[in-house]
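Taking it in order: structure first as structure tokens, then the write-up.
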Amino acid sequence: MQFQSMTTAGAAYLAAAVLTVSGLPNASAAAAEDNWPKFRGLRAGVAEDSPTLPDTWSPTENVVWKIEVPGQGWSSPIVWDDLVVVTSAVSDDPGPGAQLGLYDGHSSNAIPTAIHQWMVYGIDLHDGSVRWAREVHSSAPPIARHGKNTYASETPVTDGERVYVYFGGIGLYAFDLDGNPVWSHDMAPLEYRHGWGSAASPVLHEDRLYVVNDNEGQSYIAAFDKYTGEELWRVNRDEGSNWSTPFVWENDIRTEIVTAGTDKVRSYGLDGELLWELTGMTWITAPTPFAAHGLLYVSSGFLADAVRPVYAILPGAIGDITLQEGRTRNEYIAWSNPKLGTYSTSALVYGDFHYTLLDRGFLICTDARTGREVYSRKRIARRATAFTASLWAYNDKVFALSEEGETFVIQAGPEYELLGSNDLDEMAMATPAVADGSLIIRTASHLYRIAEQR
């Protein structure tokens with residue numbers, strides 16, 4: 001594949017003015033633990049505390065910079081040192097944008113005929129300038145998409161040396177941090193349920209990159225050499241379409257790759273060998289597994305299903321660990337709750353508590369170790385139509401970003417208290433990044449760096 005160093009869309013973006021710049025001095029390169037190298041960062045949405053991390057903001061208040069991002073994309077930003085990376089699919093005729101709220105996606109858009117450019121942007125964390133813009137592919141889209149999906153919904157991942165970018169049905173790509181292409185791996189387009197498109201992000205562990213593609217043809221998990229892009233192994237999966245990003249779980253016993261699916265949760269060894277499986281998910285699975293307190297948390301919560309489970313799983317599981325009817329725990333499942341799962345958002349464990357953000361705007365808090373309810377459903381705000389972005393936390397606060405672009409600030413701990421809200425007045429579905437004492441929020445057409453002014 002021929003990489004283009006700059007396209008018309010990229011050049012226009014590079015020429016776009018930084019809309020708002022205000023007074024944070026340039027800082028030295030962030031420490032490794034302060035980076036946000038993948039979807040939800042290193043600790044599944046929990047950031048290092050910092051006095052400059054904001055509690056309040058608006059389109060102008062506490063905005064370090066704000067830039068326009070062309071095209072459509074609900075991938076999250078990632079950050080390494082002073083580089084922010086985002087992706088987008090750019091077209092003069094991209095089709096309708098997403099509607100607010102939860103709605104039936106069965107009547108998906110027809111496959112567009114207009115040319116789209118799949119773009120990767122490297123942005124300077126300090127001033128919002130675009131260091132580089134790269135087109136990886138240009139064509140009419142090969143597949144349809146859900147009205148609330150985009151052709152750039154998979155979040156990139158980085159190891160601090162290269163950025164790895166995946167576009168489902170297009171390919172897998174690697175760049176160095178200066179935007180120079182390292183390798184590319186084309187991928188054939190696949191059909192997804194009802195034409196909804198793809199969304200699961202790649203994950204990285206040591207010298208391998210892992211991709212799960214659950215679709216209506218042949219689902220699979222595959223491992224790629226991060227240095228060359230060579231496919232090292234592929235294991236077919238007996239699954240239909242899912243949108244859950246896999247999770248590499250490094251526990252006290254072993255390292256495994258956990259995948260959440262409609263038919264089963266499955267865990268694989270680093271060689272692709274199936275380690276264990278669990279039946280009991282919902283018809284649509286999107287939340288990403290994660291770990292805290294030595295437990296693995298897996299969930300799904302399609303709204304029309306009667307059972308919307310969360311499972312807290314212990315390390316060392318072998319074989320089929322499905323719960324027997326009427327049971328909530330067994331040898332390898334520390335606790336479970338059949339009504340706690342969510343449709344789109346991934347849960348958060350912050351301190352001793354497990355926070356569930358239901359897509360219609362209710363927050364539930366349980367004890368992360370035992371599953372005991374701490375407080376039941378609390379409506380965050382009646383004006384919020386829906387939530388798709390996942391929760392994040394810092395400075396003893398939990399943050400929930402609505403699709404309207406309003407972030408609600410909630411006191412962490414056993415008592416629910418809404419402390420305030422911050423409205424950017426533009427649709428938002430991407431989960432933010434937190435790095436170098438600042439918050440990076442992507443809305444439908446802009447990218448913000450927000451921090452308390454010093």
Side chain of H185, backbone of L172: donor and acceptor closer than 3.5 Å?
no
Identify the two heavy atoms, one from P189 and one from I143, that lie closest to each other, and give their separation to 0.1 Å.
CB-CG2, 3.9 Å
Taking C-beta and beyond as the side chain, do W276 and I313 meet within less than 4.5 Å on heavy atoms?
yes
Got Y416 and I380 here, is their nearest side-chain heavy-atom distance under 4.5 Å?
yes
Do D396 and Q411 meet the criterion of a side-chain donor-acceptor pair at a distance under 3.5 Å?
yes
How far apart are the C-alpha atoms of N149 and W196, what are their side-chain angles, what is the distance that settles it, and do they pass the side chain to side chain contact (heavy atoms under 4.5 Å, CB included) test?
CA-CA 7 Å; N149 200 356; W196 287 346; 5.5 Å; no
Under the side chain to side chain contact (heavy atoms under 4.5 Å, CB included) test against P289, which residue among T245, V265, V248, L296 passes?
L296
CD (E231) with more than 12 external heavy atoms under 6.0 Å:
yes
Between the CZ atom in R369 and the CG atom in D352, the distance rounded to the nearest 0.5 Å is 4.5 Å
L204 vs K38 side-chain heavy atoms within contact, under 4.5 Å
no
Is it the case that over 12 heavy atoms from other parts of the model lie below 6.0 angstrom from the CG atom of D425?
no
Once you round to the nearest 0.5 Å, how far does CE of M187 lie from CD1 of I170?
11.0 Å
Is the side chain of T52 donor-acceptor paired with the backbone N or O of G437 at a distance under 3.5 Å, no angle test?
yes
Look only at the side chain of D436 and the backbone of S438, and say whether a donor-acceptor pair between them is shorter than 3.5 Å.
no
Does a side-chain heavy-atom distance below 4.5 Å link Y311 with L323?
yes
Closest heavy-atom contact between M119 and F167?
O-CZ, 3.8 Å
Classify the angle between the aromatic ring planes of Y297 and H354 as parallel (below 30°), tilted (30 to 60°) or perpendicular (above 60°).
tilted
Run the numbers on L270 and I257 for side chain to side chain contact (heavy atoms under 4.5 Å, CB included), then give the verdict.
CA-CA 7 Å; L270 298 180; I257 311 159; 4.1 Å; yes
State whether a side-chain donor-acceptor pair under 3.5 Å links E239 with S219.
no
Pairwise side-chain contact, E403 with M429, heavy-atom cut-off 4.5 Å (strictly under):
yes
Expected output: side-chain W118 to main-chain Y151 donor-acceptor under 3.5 Å:
yes
A quick test of your reading: do over 12 heavy atoms of other residues, nucleotides or ligands sit less than 6.0 Å from CZ of R329?
no
For P59 versus D423, what's the shortest heavy-atom pair and its separation?
CD-O, 3.3 Å
If you compare all heavy atoms of P54 against all heavy atoms of I450, which two are closest, and at what distance to 0.1 Å?
CG-CG2, 3.7 Å
What orientation do Y210 and W233 show, parallel under 30°, tilted 30 to 60°, or perpendicular over 60°?
tilted
Parallel, tilted or perpendicular, as decided by the 30° and 60° cut-offs, for the rings of F399 and W392:
parallel
If we ignore angles and hydrogens, is there a donor and acceptor under 3.5 Å between the side chains of R237 and T259?
yes
Would you check if R40 and F247 make a side-chain contact, meaning some heavy-atom pair closer than 4.5 Å?
no
For I333, is there any backbone N or O sitting under 3.5 Å from a side-chain donor or acceptor partner on N330?
yes
I need the S88 OG to L447 CG distance, nearest 0.5 Å.
11.0 Å
Using a 3.5 Å distance criterion without hydrogens, assess whether the side chain of S244 forms a donor-acceptor pair with backbone atoms of P287.
yes
Could you go through the salt bridge (Lys or Arg N to Asp or Glu O under 4.0 Å) check for K226 and E206 one step at a time?
CA-CA 9 Å; K226 76 172 188 179; E206 295 183 347; over 6 Å; no
Under 3.5 Å, is there a donor-acceptor pair between the E373 and N337 side chains?
no
Would you check if there is a donor-acceptor pair between the side chains of R442 and S75 at a distance under 3.5 Å?
yes
Please assess V409 against L418 for the test side chain to side chain contact (heavy atoms under 4.5 Å, CB included), listing each intermediate value before the final yes or no.
CA-CA 6 Å; V409 184; L418 180 62; 5.7 Å; no
Quick check for you: to the nearest 0.5 Å, what is the distance between D305 atom CG and I284 atom CD1?
8.0 Å
Check: G280 main-chain N/O paired with K264 side-chain donor or acceptor under 3.5 Å
no
Could you check whether the rings of W183 and Y164 sit parallel, tilted or perpendicular, using 30° and 60° as the cut-offs?
tilted
For residues N242 and T262, is any side-chain donor paired with an opposing acceptor at under 3.5 Å?
yes
When you look at CG of D252, are more than 12 heavy atoms from neighbouring residues, nucleotides or ligands closer to it than 6.0 Å?
no
Closest heavy-atom pair, W36 versus V46, reported as atoms and distance to 0.1 Å, is CZ3-O, 4.2 Å
Using a distance-only test with no angle check, is there a side-chain donor-acceptor pair under 3.5 angstrom linking N213 and Y192?
yes
D124 side chain reached by W65 side chain, heavy atoms, under 4.5 Å:
no
Take atom CG in D238; do more than 12 heavy atoms of anything else shown fall under 6.0 Å from it?
no
Which distance, rounded to the nearest 0.5 Å, do you find between the CD of E48 and the CG of N35?
11.0 Å
Measure the spacing between CG of D214 and CZ of R193 and express it to the nearest 0.5 Å.
9.5 Å
Treating S336 as the side-chain partner and T328 as the backbone partner, does any N or O pair qualify as donor plus acceptor under 3.5 Å?
yes
Do you know the tightest heavy-atom contact between A152 and T87?
CB-OG1, 3.9 Å
Inspect the surroundings of CZ in R360 and state if more than 12 heavy atoms from other residues, nucleotides or ligands are less than 6.0 Å away.
no
E406 side-chain N/O to A384 backbone N/O, donor-acceptor pair under 3.5 Å
no
Contact check, side chains of L357 and S390, non-hydrogen atoms, under 4.5 Å
no
Does the side chain to side chain contact (heavy atoms under 4.5 Å, CB included) test come out yes or no for F290 and L348, once each step is laid out?
CA-CA 9 Å; F290 66 98; L348 174 80; 5.9 Å; no
Please check this pair: side chain of S201 against backbone of T155, looking for a donor-acceptor N/O pair closer than 3.5 Å.
yes
